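Computed from a prediction, not measured in an experiment: that's the story for all the values here.
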Amino acid sequence: MNQRARIAMSDDDVTAFLESSRKLQLATINPDGTPHLVTMFYGLDAGRIAFWTYGKAQKARNLARDPRVSCLIEAGDDYNELRGILLYGKAERIDDRDHVMAIGMTVARRMTPGVPDEMLRPYVGQTGLKRVAYVVERTKVVSWDHRRLT
């Protein structure tokens, strides 16, 4: 077995890593073709990465033109601890207000672990007025877990 195959995560490991992580690096494509890279808190919507942003944000404008994204989620400090997922996909815009608010709540819960929903709802309700949400339909997943090297 080659080293690449040895460090790849199983589907269950990918799911667990997505469920336990909080932030991702989101890459969209600028009008000139360069990557636009930002750190985002995310949630999960039926197992899919979900995030929200202001409707006028650069990433929203980029996604309106080209829905392709790359999402990088990683952990570990030393080489033998590195693990992560690089997920390629297409971001599907969600405009339904109830769905946007539901995604906002999943994101807010990850941003502030342990804070009760009744304290998060006013924030989500207020900031959600100018936000749109996205879910990412995966087209490819690349994963690694360097802890398997030892």
Next item on the list: Kindly work out whether a path of hydrophobic side-chain contacts (I/L/V/M/F/W/Y, heavy atoms less than 4.5 Å apart) joins I7 to L82.
Entry: yes
Note to self: Within the structure provided, determine whether T106 and L44 are in side-chain contact (heavy-atom separation under 4.5 Å).
What the structure shows: no
Check: Do side-chain atoms of S20 reach the backbone of F17 as a donor and acceptor pair under 3.5 angstrom?
Finding: yes
Notebook entry, point to check: Does R65 use its side chain to pair, donor to acceptor, with the backbone of I29 at less than 3.5 Å?
Noted result: yes
Check: Between D45 and H99, is any pair of side-chain heavy atoms under 4.5 Å apart?
Finding: yes
Checklist line | Any donor-acceptor pair under 3.5 Å from R148 side chain to A8 backbone | finding: yes
Notebook entry, point to check: Hey, what do you get for NZ (K59) to CG (N30), rounding to the nearest 0.5 Å?
Noted result: 11.5 Å
Notebook entry, point to check: CD of E118: more than 12 outside heavy atoms within 6.0 angstrom?
Noted result: yes
Margin query: Do L26 and V14 land in one hydrophobic cluster if side-chain heavy atoms of ILVMFWY residues count as linked below 4.5 Å?
Written below: yes
Notebook entry, point to check: Quick one: does R22's side chain have a donor or acceptor within less than 3.5 Å of a partner on F41's backbone?
Noted result: no
Notebook entry, point to check: When rounded to the nearest 0.5 angstrom, what is the spacing between NZ in K23 and CD in Q25?
Noted result: 8.0 Å
Notebook entry, point to check: Does the ring of Y88 carry R68 above it, NZ/CZ under 6.0 angstrom from centre and within 45° of its axis?
Noted result: no
Notebook entry, point to check: In Å and rounded to the nearest 0.5 Å, what is the OH to SG distance from Y42 to C71?
Noted result: 9.5 Å
Item checked: Pairwise side-chain contact, H146 with D78, heavy-atom cut-off 4.5 Å (strictly under) -> no
Checklist line | Side chains of P31 and H36 in contact at under 4.5 Å (non-hydrogen atoms) | finding: no
Note to self: Rounded at 0.5 Å granularity, tell me how far CE in M111 sits from CE in M40.
What the structure shows: 9.5 Å
Note to self: Hydrophobic clustering (ILVMFWY, side-chain heavy atoms < 4.5 Å, transitive) - are M9 and Y79 grouped together?
What the structure shows: no
Check: Atom CG in L18, atom CD1 in I85: separation rounded to 0.5 Å?
Finding: 4.0 Å
Notebook entry, point to check: Is there a side-chain contact between Y123 and L120 (heavy atoms, below 4.5 Å)?
Noted result: no
Item checked: Heavy-atom closest contact (G55 atom, A60 atom, distance) -> O-CB, 3.5 Å
Next item on the list: Kindly compute the distance separating CD1 (I49) from CG (L87), expressed to the nearest 0.5 Å.
Entry: 4.5 Å
Notebook entry, point to check: Do the side-chain N and O atoms of D32 and T34 include a donor-acceptor pair separated by under 3.5 angstrom?
Noted result: yes
Per-pair distances, 0.1 Å, donor-acceptor, side chain in residues 128-137, under 3.5 Å, sequence neighbours excluded:
unit_1 : atom_1 : unit_2 : atom_2 : d
R131   : NH2    : Y54    : OH     : 3.4
E137   : OE2    : R48    : NH1    : 2.4

Check: If you look at every heavy atom in A91 and V69, which pair is closest and at what distance?
Finding: CB-CG1, 4.0 Å
Item checked: Where T112 and A108 come nearest, the two heavy atoms and their spacing -> OG1-O, 2.8 Å
Note to self: Apply side chain to side chain contact (heavy atoms under 4.5 Å, CB included) to residues D117 and M105 and explain how you reach the verdict.
What the structure shows: CA-CA 8 Å; D117 281 1; M105 283 298 293; 3.6 Å; yes
Note to self: Side chains of L149 and N80, heavy atoms from C-beta outward: is any pair under 4.5 Å?
What the structure shows: no
Notebook entry, point to check: Can you check whether A75's main-chain N or O pairs, donor with acceptor, with R83's side chain at less than 3.5 Å?
Noted result: no
Notebook entry, point to check: Within a strict 4.5 Å, meaning less than it, do heavy atoms of the T53 and V38 side chains meet?
Noted result: no
Notebook entry, point to check: With the 4.5 Å side-chain cut-off for hydrophobic clustering, are I94 and M101 part of the same group?
Noted result: yes
Next item on the list: Taking the side chain as every heavy atom from C-beta outward, state whether K140 and L86 have any atom pair closer than 4.5 Å.
Entry: no
